[in-house]
Amino acid sequence: MKIGYDIPDGLLYTRTHEWLRRSEDDRDQATIGITDFAQDEVGDVVYVDLPPAGTEVSAGEPCAEIESTKTVAELYAPVDGEVIAANDDLDGRPELVNTSPYDQGWMIRLRIADGADLEGMLDSAAYRTLIETG
């Protein structure tokens with residue numbers, strides 16, 4: 001396990017190690033992926049199975065699968081919503097989840113069904129405390 005994980009300010013985080021970035025242009029849209037901590041725990045990602053656009057997801061429920069050389073993990077939807085895009089770049093380059101978890105390694109974009117779901121999410125300081133205290 002590495003020390004000093006990247007935890008950008010301005011994102012929201014879950015206790016299951018997903019991040020959510022709300023769109024600047026449309027606050028009802030969000031981009032989602034796994035955190036730097038999560039990608040380190042999972043190991044070298046070799047395949048990502050993402051839901052197609054139009055898929056309805058529910059907060060706290062698995063919505064994608066992440067396969068690595070060590071394990072198979074799930075991406076949990078941080079909020080209720082509808083998938084509006086999946087990161088097709090991950091089909092040919094799943095390692096982007098490891099090398100750029102907050103940028104090129106994003107997984108899905110959602111239209112948020114209920115903004116109230118965001119209230120239970122963590123800011124960067126609270127997420128840092130979560131991973132430091134285990």
Side-chain angles (χ1 to χ4, degrees):
M1 181 166 79
K2 73 180 186 178
I3 297 172
Y5 293 100
D6 185 17
I7 305 170
D9 292 331
L11 303 181
L12 295 173
Y13 299 90
T14 68
R15 295 182 185 285
T16 53
H17 310 291
E18 289 82 18
W19 59 265
L20 179 145
R21 178 185 299 120
R22 292 180 83 176
S23 170
E24 299 274 331
D25 301 332
D26 182 347
R27 301 298 281 169
D28 289 335
Q29 290 187 22
T31 302
I32 295 162
I34 64 170
T35 65
D36 187 32
F37 174 83
Q39 70 76 27
D40 186 52
E41 290 289 302
V42 168
D44 295 332
V45 175
V46 295
Y47 177 74
V48 181
D49 184 18
L50 301 173
T55 302
E56 296 287 331
V57 299
S58 298
E61 295 296 318
C63 63
E65 199 169 84
I66 305 156
E67 294 182 22
S68 74
T69 55
K70 294 193 318 190
T71 190
V72 175
E74 293 181 307
L75 175 74
Y76 293 91
V79 294
D80 291 345
E82 179 185 344
V83 176
I84 55 175
N87 187 351
D88 294 336
D89 291 344
L90 298 181
D91 287 344
R93 299 179 59 206
E95 68 276 5
L96 291 172
V97 173
N98 296 113
T99 60
S100 183
Y102 300 107
D103 295 308
Q104 294 176 303
W106 65 273
M107 295 190 182
I108 58 174
R109 289 204 173 102
L110 292 179
R111 178 163 307 285
I112 301 169
D114 184 357
D117 287 346
L118 301 170
E119 293 172 13
M121 296 187 72
L122 307 172
D123 64 12
S124 59
Y127 182 70
R128 180 172 279 106
T129 299
L130 173 76
I131 63 172
E132 288 174 353
T133 60

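Everything numeric here is computed off the predicted structure, so don't read it as measured data.
A59 approaches P78 most closely through the heavy-atom pair CB-O, 3.8 Å. In terms of heavy-atom proximity, A77 sits nearest to S58 at CB-O, 3.4 Å. Contact between A64 and P51 at its shortest, heavy atoms only, is CB-CD, 4.0 Å. Shortest non-hydrogen contact noted between G43 and N98 is O-ND2, 2.9 Å.
Residues passing the side-chain hydrogen bond (donor to acceptor under 3.5 Å, both in side chains) test with D80: none are found, sequence neighbours excluded. Legend: residues meeting side-chain hydrogen bond (donor to acceptor under 3.5 Å, both in side chains) with R21, ordered by chain and number and at least two apart, are absent. Applying the side-chain hydrogen bond (donor to acceptor under 3.5 Å, both in side chains) rule to E67 yields no partners; only residues at least two apart in sequence or on another chain are considered. A search for salt bridge (Lys or Arg N to Asp or Glu O under 4.0 Å) contacts involving D26 returns R111, not counting sequence neighbours. With sequence neighbours excluded, the residues satisfying side-chain hydrogen bond (donor to acceptor under 3.5 Å, both in side chains) with Y76 are E74.
Sequence neighbours left out, not one pair with a member in residues 43-58 passes salt bridge (Lys or Arg N to Asp or Glu O under 4.0 Å). Screening residues 87-98 for salt bridge (Lys or Arg N to Asp or Glu O under 4.0 Å), with sequence neighbours left out, gives R93-E95. Sorted by first and then second residue, the ring-ring contact (aromatic ring centres under 6.0 Å, His included) pairs with a member in residues 80-126 read W19-Y102; sequence neighbours excluded.
Enclosure of atom CZ in R22 by more than 12 non-hydrogen atoms of other residues, nucleotides or ligands within 6.0 angstrom is indicated.
A donor-acceptor pair under 3.5 Å is formed between the side chain of N87 and the backbone N or O of Q104. Not a single donor-acceptor pair under 3.5 Å links the side chain of T71 to the backbone N or O of A73.
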Show every donor-acceptor pair shorter than 3.5 Å between a side-chain atom in residues 123-134 and any protein atom, with sequence neighbours excluded, or say none if there are none.
unit_1	atom_1	unit_2	atom_2	d
D123	OD1	A125	N	3.3
D123	OD1	A126	N	2.8
S124	OG	D9	OD1	2.5
Y127	OH	H17	ND1	2.6
Y127	OH	T35	OG1	2.8
T129	OG1	A125	O	3.1
T133	OG1	T129	O	2.8

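Counting Ile, Leu, Val, Met, Phe, Trp and Tyr side chains that sit under 4.5 Å apart, directly or through other members, I108 shares a hydrophobic cluster with L12, L20, I32, I34, V42, V45, V48, L50, V57, I66, L75, V79, V83, L90, L96, V97, M107, L110, I112, L118, M121.
Rounding to the nearest 0.5 angstrom, the gap separating the OG1 atom in T55 from the CD1 atom in I84 is 12.5 Å.
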